[in-house]
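Everything on this sheet refers to the single structure shown next.
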Number of protein chains: 2
Amino acid sequence: MKNTTTARERLIQATFELLERQGYHGTGLNQIIKESGAPKGSLYYYFPNGKEELVSRAIGEQGKALADRIRRALEGVQDPAEAVYSMMLHLAEKLEQSKCTKAGSFAAVALETSNTSEMLRETINKTYDAFISAIQGMLLAHGFSEARAVQIATLITASMEGAVVLCRTKKSTEPLRHIAQEMKHLLRSAIAENDAGS
Amino acid sequence: MKNTTTARERLIQATFELLERQGYHGTGLNQIIKESGAPKGSLYYYFPNGKEELVSRAIGEQGKALADRIRRALEGVQDPAEAVYSMMLHLAEKLEQSKCTKAGSFAAVALETSNTSEMLRETINKTYDAFISAIQGMLLAHGFSEARAVQIATLITASMEGAVVLCRTKKSTEPLRHIAQEMKHLLRSAIAENDAGS
DNA sequence: GTCTATAATAAGATAGAC
DNA sequence: GTCTATCTTATTATAGAC
């Protein structure tokens, strides 16, 4: 079968990167074609439902891959506070590589389309759930209650997404580094408190 | 002078509400005209530079008004943890009123345009700075250091923006209520710790 | 599977009458 | 200050050749 999927893969990759820089409605199919180098005829061959389907696949596949990386990175860590700190700094470094021009595709597409496309909304919803679930798993392994673990995992996910918005706006990774520092501090207290109460 | 500004005001108002539901590129000028009921000829009369200027004014004015409301709400509070909790629940209630369809205009426009419009990026940047500064003021009044106050204020701002994205995606205010609860808890510890170290 | 041409629609913006 | 008509350009999507 060789690499008959390379046109499809190039389309997915180019779509995701453009979403990170311009969001959903800011990204045209012609631009995706041009950027990917994929033949235009391939787009509707691989994604018969057009833009909505292409973006849903791009978001879904990249989101799943990212959630898996998060899960693996947090598996078996001995200090959740340090692990969260590292995860946030890692995101900051990734952002820095693009000079704060590429990040936040999930948030952008969510805000632009959650009222008009159930398909996209559900894809992103599953992605965010996977992020939260990965973080929650680590917290459960360290003695937090189910309820508390969800709360903290939601806070970590939300603060990262929000900090990415601030970084894009400020053209600086400072906000991300600030929340990384602060969350490490707060989580240390929460862990100590939780361990004492066991 | 009567109300010669009402066409302008209606345009600003309609623009902001549409940005909250669909973002920047998802909102067309024709739709703004229609929704506002303002005469089409007025748009380029009040905003000669077109869409970019209209959106910048809408974001700027609404952002400034919101930052002022936050500042006043946090002025003279006796418990920062409770104040932040109330602020977050207040946002959740506002979101609930629109069934989670309207919120996140700042984040949406930032993610869509920060690479293509310096004007919009700077307007939003000032807005976020005003939010952070308002929260930071309260924390300074309660004995936190300058550096720590910025970190915590950034975390609060980022987590609220991120939680709004999660709420829009989930069509539920649950994420916002989760982070409200968790931030209250964590802030209580931070305050106790900070007071003890004085 | 891919390419080219094009249809159909909507976008932002402008000109000129009133 | 406002209205209507229109220009230019971009968008998503499709048809039909190869």
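Note: hydrogens, waters and symmetry copies are ignored here, and every other heavy atom, side chains too, is used. The chains referred to below are lettered A, B, ... by the order of the sequence lines, with proteins before strands, and numbering in each begins at 1.
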Please report the distance, rounded to the nearest Å, between [atom1] in [X] and [atom2] in [N].
{"X": "B/Ile33", "N": "D/dT4", "atom1": "CD1", "atom2": "P", "result": "12 Å"}
{"X": "A/Phe47", "N": "C/dT2", "atom1": "CZ", "atom2": "P", "result": "12 Å"}
{"X": "B/Arg8", "N": "D/dT2", "atom1": "CZ", "atom2": "P", "result": "13 Å"}
{"X": "B/Gln22", "N": "C/dA11", "atom1": "CD", "atom2": "C1'", "result": "14 Å"}
{"X": "B/Tyr45", "N": "C/dA15", "atom1": "OH", "atom2": "P", "result": "17 Å"}
{"X": "B/Leu54", "N": "C/dA13", "atom1": "CG", "atom2": "C1'", "result": "13 Å"}

request  = Could you identify which residues of residues 111-124 of chain A place a heavy atom less than 4.0 Å from some atom of DNA chain D, listed by residue number, or say none?
outcome  =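 Within this stretch, nothing sits under 4.0 Å of the strand.
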
Side-chain ion pair, [X] and [Y], N-O less than 4.0 Å:
{"X": "A/Arg121", "Y": "A/Glu112", "value": "no"}
{"X": "B/Arg72", "Y": "B/Asp68", "value": "no"}
{"X": "A/Glu96", "Y": "A/Arg177", "value": "no"}
{"X": "A/Lys126", "Y": "A/Glu122", "value": "no"}
{"X": "A/Arg168", "Y": "A/Glu20", "value": "no"}

key: B/Leu166 side chain near B/Glu174 side chain, heavy-atom distance below 4.5 Å   = no

Close side-chain approach of A/Phe47 and A/Leu11, heavy atoms under 4.5 Å =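 Counting from C-beta outward, A/Phe47 and A/Leu11 do come under 4.5 Å.
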
Qualifying side-chain hydrogen bond (donor to acceptor under 3.5 Å, both in side chains) pairs, either residue in residues 184-193 of chain B, two or more places apart =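 Sorted result for residues 184-193 of chain B: A/His185-B/Glu193, A/Glu193-B/His185, B/Asp79-B/Arg188, B/Glu82-B/Arg188.
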
remark   = B/S/- along nucleotides 6-13 of chain D (protein heavy atoms under 4.0 Å) is -----BBB

key: B/Ser42 side chain near D/dG1 phosphate (N/O to OP1/OP2, under 4.0 Å)   =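 Result: no.
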
